[in-house]
Amino acid sequence: MPARIEKKSKNSYLLTVNIGYDEHGKQLFKRKTVKASNDREARKEYDIFAAEVRQGRVAFTGKYKLTDFARDWFQNYCLKALAPKTQRSYKNHLERRILPALGHMDIKNIMPQHIMKFIDDLRETGSRYDNREGKVSDETVRYCFRVLSSMFHNAVQWQIIATNPCERVKPPSVSHKKIKIIDEVSVKKMFSSLKAEPLKYQTIVFVAVDTGLRLGELVGLTWSDIDMEKGILHITKSNQAMRGKGIFTKSTKTETSV
């Protein structure tokens, strides 16, 4: 197909490269506006641009607001790849924090400095979901950054953008709190108090202390997970409870949890 080079102003040209057709037979294009002094320079720019397009080095060139991309990303990635609770958490952070701040921007125009400003603003003015006084936690700020980075990572994979701006931003720091572990004296006292309780409650506490299972993995155990002869407990699933969905069973959090 002949080169499509359109002069827009004195030193500005619009380059259009045909990249094929969609499933409905509609032609697809990638476009780029360049600066050039004359038609000859514009043609050179076109040849470079066309070569980059053929080599798959040019991302999506149309307009795509972050709000619109987030909707498509949630449908095509989150609902297919993430657990229900994680889906809900991602959606909450998107709708309440990320999109109100960045959703109006074209995804291609979001730079590292925009991400840094978003993080700083969130630390200063971010509101809590529970309406309690105080600023959002360091964990919340870092979680928002993680959601953004995941979204941009997929945008790169889908050739919507060329690079992930979050990769050029230092992740928000989190001050880790020291976890208080129950001591041996307290464990013995708890076991002693359990003697008066039904066997099912004794069992669940014993298994929790002996194995360190996550709560969901613990309450997701069934008789088929127990090999009485070999004395083996198989951890292959986890139970979760979510408002509007009730209690449901899913796979373990990670492959190494099995």
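- The shortest non-hydrogen separation linking His114 to Leu102 is O-CD2, 4.3 Å.
- Between the side chain of Asp68 and the backbone N or O of Tyr64 there is no donor-acceptor pair closer than 3.5 Å.
- When side chains are defined from C-beta on, Phe49 does not count as touching Glu45, because their heavy atoms never get closer than 4.5 Å.
- Here the NZ atom belonging to Lys237 is positioned 5.0 Å from the OG atom belonging to Ser224, to the nearest 0.5 angstrom.
- If you look at Phe118 and Phe145, their ring centroids are not closer than 6.0 Å.
- Stacking of Arg97 on the aromatic ring of Tyr143 is not recorded, the 6.0 Å distance cut-off and the 45° axial limit not both being met.
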Legend entry - Arg43 and Asp47: CA distance, side-chain angles, deciding distance, salt bridge (charged side-chain N to carboxylate O under 4.0 Å, His left out) verdict: CA-CA 6 Å; Arg43 178 63 201 216; Asp47 291 341; 3.1 Å; yes

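- Closest non-hydrogen pair, Cys144 versus Leu122, comes out as SG-CD2, 3.8 Å.
- The main-chain N or O of Lys189 is found under 3.5 Å from a side-chain atom of Ser193 such that the two form a donor-acceptor pair.
- Crowding of Ile247 atom CD1: a count of heavy atoms from other residues, nucleotides or ligands under 6.0 Å not exceeding 12.
- Counted by atom type alone, Gln157 and Asn154 present one or more donor-acceptor pairs between their side chains at under 3.5 Å.
- Counting all heavy atoms, side chain and backbone alike, Val169 lies closest to Pro112 at CG2-O, 3.6 Å.
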Inset, instruction - Go through Met105 and Leu66 one step at a time and tell me if the side chain to side chain contact (heavy atoms under 4.5 Å, CB included) criterion holds. - result: CA-CA 6 Å; Met105 297 185 65; Leu66 187 64; 5.5 Å; no

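- Taking every heavy atom of both residues into account, Leu79 and Gln87 meet most closely at CD2-OE1, 3.3 Å.
- Counting heavy atoms from C-beta on, the side chains of Asp138 and Ser173 never come closer than 4.5 Å.
- A distance of 7.5 Å separates OG1 in Thr16 from CZ in Phe29, rounded to the nearest 0.5 Å.
- The cluster map of Ile, Leu, Val, Met, Phe, Trp and Tyr, joined by side-chain heavy atoms under 4.5 Å apart, puts Ile48 and Val34 in different clusters.
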Legend entry - side chain to side chain contact (heavy atoms under 4.5 Å, CB included) assessment of Ile235 paired with Thr211: CA-CA 10 Å; Ile235 312 302; Thr211 63; over 6 Å; no

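- Heavy atoms of other residues, nucleotides or ligands lying less than 6.0 angstrom from CZ of Arg71 number more than 12.
- Taking 4.5 Å as the limit, every side-chain heavy atom of Arg4 sits out of range of all side-chain heavy atoms of Glu6.
- Within the 4.5 Å cutoff, side-chain heavy atoms of Leu233 are placed close to those of Val207.
- Checking Asp183 against Ser186 by side-chain atom types alone, a donor-acceptor pair falls below 3.5 Å.
- Enclosure of atom NZ in Lys85 by more than 12 non-hydrogen atoms of other residues, nucleotides or ligands within 6.0 angstrom is indicated.
- Annotation: side chain of Val53 is in contact with side chain of Ile19 (closest heavy-atom distance under 4.5 Å).
- Atom-to-atom distance recorded for Ile119:CD1 and Lys170:NZ is 11.5 Å, nearest 0.5 angstrom.
- Note on ring orientation: taking the six-membered ring where Trp is involved, the planes of Tyr90 and Trp73 are parallel (angle under 30°, cut-offs 30° and 60°).
- Two residues are said to be in side-chain contact when any heavy atoms from C-beta on lie closer than 4.5 Å; Ile110 and Ile161 fail this criterion.
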Inset, instruction - In sequence, state the C-alpha distance, the side-chain angles, and the governing distance for Asp121 and Lys117, and then conclude on salt bridge (charged side-chain N to carboxylate O under 4.0 Å, His left out). - result: CA-CA 6 Å; Asp121 290 347; Lys117 185 178 186 306; 2.7 Å; yes

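- Taken together through direct or relayed side-chain contacts under 4.5 Å among Ile, Leu, Val, Met, Phe, Trp and Tyr, Ile181 and Met190 form parts of separate hydrophobic clusters.
- Hydrophobic clustering keeps Leu199 apart from Leu221 (ILVMFWY residues linked when any side-chain heavy atoms are closer than 4.5 Å, directly or through intermediates).
- In this structure, the separation between CD on Glu217 and CG on Asp225 is 11.0 Å, given to the nearest 0.5 Å.
- Panel note: side chain Glu197, backbone Gln202; no donor-acceptor pair is recorded below 3.5 Å.
- The shortest distance between side-chain heavy atoms of Met151 and Leu94 falls below 4.5 Å.
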Inset, instruction - Dump the intermediate steps for side chain to side chain contact (heavy atoms under 4.5 Å, CB included) on Leu215 and Asn239, then the final yes or no. - result: CA-CA 8 Å; Leu215 177 60; Asn239 278 6; over 6 Å; no

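- Minimum interatomic distance between Asn11 and Ser37 (heavy atoms only, all atoms of both residues): OD1-CA, 3.8 Å.
- In this structure, the separation between CZ on Arg96 and NZ on Lys91 is 10.5 Å, given to the nearest 0.5 Å.
- Proximity of Leu14 to Arg31: side-chain heavy atoms (C-beta onward) are separated by under 4.5 Å at one or more points.
- Phe206 is connected to Val209 through a chain of hydrophobic side-chain contacts under 4.5 Å among Ile, Leu, Val, Met, Phe, Trp and Tyr, so both are in one cluster.
- Shown here for Asn38 and Tyr13, the closest heavy-atom pair between the two residues is C-OH, 3.2 Å.
- The SG atom of Cys166 sits 12.0 Å away from atom NE2 of His153, with the distance rounded to the nearest 0.5 Å.
- When hydrophobic clusters are built by joining Ile, Leu, Val, Met, Phe, Trp and Tyr residues whose side-chain heavy atoms come closer than 4.5 Å, directly or via intermediates, Ile204 is grouped together with Val187.
- Ser137 and Thr140 share a side-chain donor-acceptor pair at under 3.5 Å.
- The number of heavy atoms from other shown groups lying within 6.0 Å of CZ (Phe191) is above 12.
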